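Not measured: the values here are computed from a predicted model. Protein chains get the first letters and strands the later ones, always in sequence-line order, with residue 1 at the start of each.
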Protein chains: 2
Amino acid sequence: MTIGRPREFDTDQALEAAMRQFWSKGYEATSLQNLLEVMDVSKSSFYETFGSKHELLEQCLALYTNTLIASLREELRQAKTGLSFIEKVLKGLIDEASTKGEKCGCLMVNVTNELAQRDKIIAKLVANGSKSLQGVFKEAVLRGQKEGNIPLNKTPDILSNFLVNNMVGLKTMVKGGADVKTIKDIIEVTMTALK
Amino acid sequence: MTIGRPREFDTDQALEAAMRQFWSKGYEATSLQNLLEVMDVSKSSFYETFGSKHELLEQCLALYTNTLIASLREELRQAKTGLSFIEKVLKGLIDEASTKGEKCGCLMVNVTNELAQRDKIIAKLVANGSKSLQGVFKEAVLRGQKEGNIPLNKTPDILSNFLVNNMVGLKTMVKGGADVKTIKDIIEVTMTALK
DNA sequence: TCACTTATGGACCGTTCGGTACATAATATT
DNA sequence: AATATTATGTACCGAACGGTCCATAAGTGA
């Protein structure tokens, strides 16, 4: 057993709550008070466990990218074709656009726009995350090309960057309140670029 | 002549300085102190002239979109073809990516990601700006189609939304530190979608 | 039971936040 | 010269900011 007084809160759960808060409100607009409330942690325990607000963000970013990438990899593994995976991921944004609730966008995109230029640590983290995301798309494109659904006239590297770019754009468009039809149209044009 | 004591600062200049500050640092991270310094305005004059930090942002957004749209319209007017205009605008991002200096992205994109979900006034402003931007692209596509450089199998509305989406994505990618080759590749794929 | 270790509650820190109040300064009009 | 009007400088506001400190609580193993 661990020595000393046991934690009264769930670390993973607290981290996830913090992640959602940063995701929803951004870094600056999320106050320590906000975090303590949603994480259900006392201030002492907060600094003891997570170091600082900034370090917490780093951990949240890591959690976000890890779960996102893992989930995408799994989905790709289960997908019928590389192309259908790509289509499914893009079309996931239609649901997001249809939601009446809050549209949080993508934490990586949000953080990039808010902090990347003045915070090198965070910039590095999102750059890595973005590269991982591109990696998944690249794998999907490669598979699609092997399967004969995606033409060979463009490299997986180039096409995956293009896909990431459209994902990033769409996340922002949805957050900005673009209507569902617009999103659908963009996805369709994006998909035809793979044909 | 105007009555009362004359202003000791240039309103337009101050507004533009504020815009650059919001553009560079975002809304929350820009403090009133920051604004007073770059605008070269006393606190009293600030509140007298601009109302509040939030109202100032609204005015900055209006300034940003107006100058952006005006500049794009002029460029389109002078462009040889609708297609070449689109290409030129997209390729402008390559220079941005090459800059050693700060990459501020797009104020509308930044503000959308930071505020749109919780600030309806701002959301409305960026939605209007986005629509204007799309309008310019739409006009360019229409012209390109008339000129025979852009196929007719997709409507100007759809293609312009697609172009806006890639612009938004690219602005964020550049801000996130994407290298020049990546940006170039994305632009190329985007352009082939118009052919 | 007693030390040892870790977690928690709460008081406290100086600083900065956005914003207001008001006396004073600088102009135009009469 | 007096007055009306607008701009500015300065002092001030309460609240919130992120973060520290330390006494106390709640477990462990000896």
Side-chain angles (χ1 to χ4, degrees), chain A residues 1-61 111 114-115 118-122, chain B residues 1-61 110-111 114-115 118-122 125:
Chain A
M1 287 294 138
T2 54
I3 218 165
R5 180 173 172 175
R7 291 230 162 83
E8 291 182 6
F9 66 95
D10 184 321
T11 311
D12 295 342
Q13 210 167 299
L15 192 61
E16 203 190 317
M19 184 193 76
R20 278 197 300 262
Q21 194 71 4
F22 283 137
W23 194 356
S24 161
K25 299 186 52 178
Y27 181 68
E28 301 284 353
T30 297
S31 73
L32 207 59
Q33 213 54 39
N34 290 151
L35 290 168
L36 301 184
E37 285 162 14
V38 301
M39 296 171 80
D40 197 30
V41 172
S42 76
K43 195 176 264 198
S44 316
S45 303
F46 177 90
Y47 281 100
E48 174 68 24
T49 310
F50 301 101
S52 67
K53 189 186 173 187
H54 191 273
E55 288 170 72
L56 175 64
L57 177 64
E58 298 173 37
Q59 297 166 47
C60 288
L61 266 174
V111 164
E114 186 179 359
L115 300 172
R118 57 191 162 97
D119 189 328
K120 294 188 177 175
I121 296 175
I122 299 299
Chain B
M1 287 298 137
T2 53
I3 219 167
R5 178 173 173 175
R7 288 229 162 85
E8 292 180 6
F9 65 95
D10 184 321
T11 311
D12 296 342
Q13 212 168 296
L15 192 62
E16 203 189 315
M19 184 192 76
R20 278 196 301 263
Q21 194 72 3
F22 283 137
W23 195 354
S24 161
K25 299 185 51 178
Y27 181 69
E28 301 285 354
T30 297
S31 73
L32 208 57
Q33 213 55 39
N34 290 152
L35 290 168
L36 300 184
E37 285 161 16
V38 300
M39 296 170 81
D40 196 31
V41 172
S42 77
K43 195 176 262 197
S44 315
S45 303
F46 176 90
Y47 281 100
E48 174 68 25
T49 310
F50 302 102
S52 67
K53 189 187 174 187
H54 190 274
E55 287 170 73
L56 175 64
L57 177 64
E58 298 174 36
Q59 297 167 47
C60 288
L61 266 174
N110 298 351
V111 164
E114 185 180 1
L115 300 172
R118 58 194 162 97
D119 189 328
K120 293 188 177 174
I121 296 175
I122 299 299
L125 283 172

note: A:Y47, atom OH; C:dT8, atom C1'; distance rounded to Å ~ 16 Å
Side-chain contact check for A:S31: nearest option of C:dT8, D:dG18, D:dT6 is D:dG18
Between B:K25 (side chain only) and B:S31 (backbone N and O only), is there a donor and an acceptor less than 3.5 Å apart? no
Assess whether atom CG of B:D10 is packed by more than 12 heavy atoms of other residues, nucleotides or ligands within 6.0 Å.
yes
Assert: residue with more 5' nearest nucleotide on DNA chain C, out of B:P6 and A:P6, is A:P6
To the nearest angstrom, the NZ-P distance between B:K53 and C:dT16 comes to 15 Å
Result for 5'-nearest mapping on DNA chain C, choosing between A:K43 and A:R5, is A:R5
When rounded to whole Å, the CZ to P distance for the pair A:F50 and C:dT8 reads 10 Å
When rounded to whole Å, the CD to P distance for the pair A:E8 and D:dA26 reads 8 Å
In whole angstroms, the gap separating P of C:dA7 from CG of A:D10 amounts to 14 Å
Practice problem: Report which part of the nucleic acid B:F9 touches: base, sugar-phosphate, or nothing (heavy-atom distance under 4.0 Å, all strands). | Solution: sugar-phosphate
Regarding the side chain of B:S42, the nearest nucleotide among D:dT28, D:dT8, D:dG19 is D:dT8
B:I3 has its side chain closest, among D:dT5, C:dT8, D:dA7, to D:dT5
Counting distance only, does the side-chain N/O of A:E114 pair as donor-acceptor with the main-chain N or O of A:E28 below 3.5 Å? yes
- Message: Please classify the nucleic acid contact of B:S44 as base, sugar-phosphate, or nothing, using heavy-atom distances under 4.0 Å.
- Response: base
Is it true that the side chains of A:S45 and A:E48 contain a donor and an acceptor less than 3.5 Å apart? no
Whole-Å distance, B:N34 CG to C:dT16 P, equals 11 Å
